[in-house]
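Worksheet: the structure to be examined is printed underneath.
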Amino acid sequence: MLRLKLNAPYEQVYVYIGLENPSTGQVLTIDAKVDTGAAVTIIPKSLLKDAGLPFLGECDFTMVDGSLLKTEAYMCRLSFSDEDTIDTPIYACDTDSGVALLGMDVLRLCNFSQRHEWDNEGHSVYFEMELISEELMLMV
């Protein structure tokens, strides 16, 4: 389970994700923005250049404004923690922002919770995220 303490005001949540080459075990850890508006997980090509992930092919996606986004698909074992891993394709593209987006292709397989705590130091907000169990994934 991934657990983050958020500082107010908070608008965007970033998480560290591991991208492991399933063949070699080589792991690349990157910071990704949790983006419920992104259909798929997108990684800037510049971050993936030394990851050695297996290449699956090229894909095109249509953006909200109608423009075409050309991507390359790679297979990886994505993880939030040692116990939360999933084998999934990810998509790499040239991007001006340099920000990785954790999209709904992965997020739909997660449980989320947000918890508020009050103590003498004030108000704290915790965001928790974990992959659902393999048994539940089979039913999705």
Side-chain angles (χ1 to χ4, degrees):
M1 174 183 300
L2 172 71
R3 185 174 192 227
L4 301 171
K5 182 176 180 179
L6 304 177
N7 296 318
Y10 57 93
E11 296 175 2
Q12 300 174 344
V13 175
Y14 288 83
V15 297
Y16 286 109
I17 59 174
L19 305 174
E20 178 183 341
N21 182 325
S23 303
T24 66
Q26 177 184 357
V27 178
L28 171 68
T29 302
I30 62 171
D31 197 22
K33 178 181 171 182
V34 174
D35 189 348
T36 58
V40 296
T41 298
I42 300 282
I43 311 294
K45 277 187 189 177
S46 60
L47 296 179
L48 284 184
K49 64 183 177 194
D50 298 324
L53 298 175
F55 180 71
L56 298 175
E58 295 181 352
C59 301
D60 294 338
F61 292 98
T62 303
M63 304 298 288
V64 173
D65 65 2
S67 63
L68 204 59
L69 176 66
K70 296 193 172 292
T71 69
E72 297 173 350
Y74 295 88
M75 180 54 78
C76 77
R77 179 163 293 134
L78 189 142
S79 63
F80 306 119
S81 62
D82 290 340
E83 64 271 357
D84 285 333
T85 63
I86 184 169
D87 291 342
T88 185
I90 58 166
Y91 302 88
C93 67
D94 292 318
T95 173
D96 294 335
S97 70
V99 174
L101 302 177
L102 186 61
M104 288 304 297
D105 58 337
V106 173
L107 295 175
R108 70 180 183 85
L109 302 173
C110 297
N111 285 323
F112 298 93
S113 65
Q114 180 175 304
R115 192 166 46 82
H116 297 262
E117 289 183 3
W118 288 266
D119 58 22
N120 293 338
E121 296 178 19
H123 177 221
S124 298
V125 178
Y126 293 92
F127 171 81
E128 296 177 343
M129 180 170 88
E130 68 180 337
L131 285 169
I132 60 176
S133 69
E134 287 185 34
E135 295 82 22
L136 288 176
M137 279 189 207
L138 294 173
M139 291 189 262
V140 173

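Side-chain atoms are counted along with the backbone in the values below, which use heavy atoms only and exclude waters and symmetry mates. Quick caveat: nothing in here was measured; it's all calculated off a predicted structure.
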Taking C-beta and beyond as the side chain, do [X] and [Y] meet within less than 4.5 Å on heavy atoms?
{"X": "L109", "Y": "T88", "answer": "no"}
{"X": "T71", "Y": "V40", "answer": "no"}
{"X": "I42", "Y": "L69", "answer": "yes"}
{"X": "H116", "Y": "H123", "answer": "yes"}

message: Quick check for you: to the nearest 0.5 Å, what is the distance between E72 atom CD and I43 atom CD1?
response: 13.0 Å
message: Membership question, hydrophobic clusters at under 4.5 Å side-chain separation (ILVMFWY): are V106 and M75 in the same one?
response: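 No: no chain of side-chain contacts under 4.5 Å links M75 to V106.
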field: Any donor-acceptor pair under 3.5 Å from T41 side chain to G103 backbone
entry: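 Checked: pair present.
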field: Short side-chain to backbone donor-acceptor contact, N21 and G52, under 3.5 Å
entry: yes
Work out which heavy atom in [X] is nearest to a heavy atom in [Y]; give both atom names and the distance.
{"X": "P54", "Y": "P22", "answer": "CD-CD, 4.2 Å"}
{"X": "I17", "Y": "A32", "answer": "CD1-CB, 3.9 Å"}
{"X": "Y74", "Y": "L56", "answer": "C-CD1, 3.8 Å"}

- prompt: How would you list all residue pairs meeting ring-ring contact (aromatic ring centres under 6.0 Å, His included) that involve residues 84-108, not counting sequence neighbours?
  reply: F61-Y91
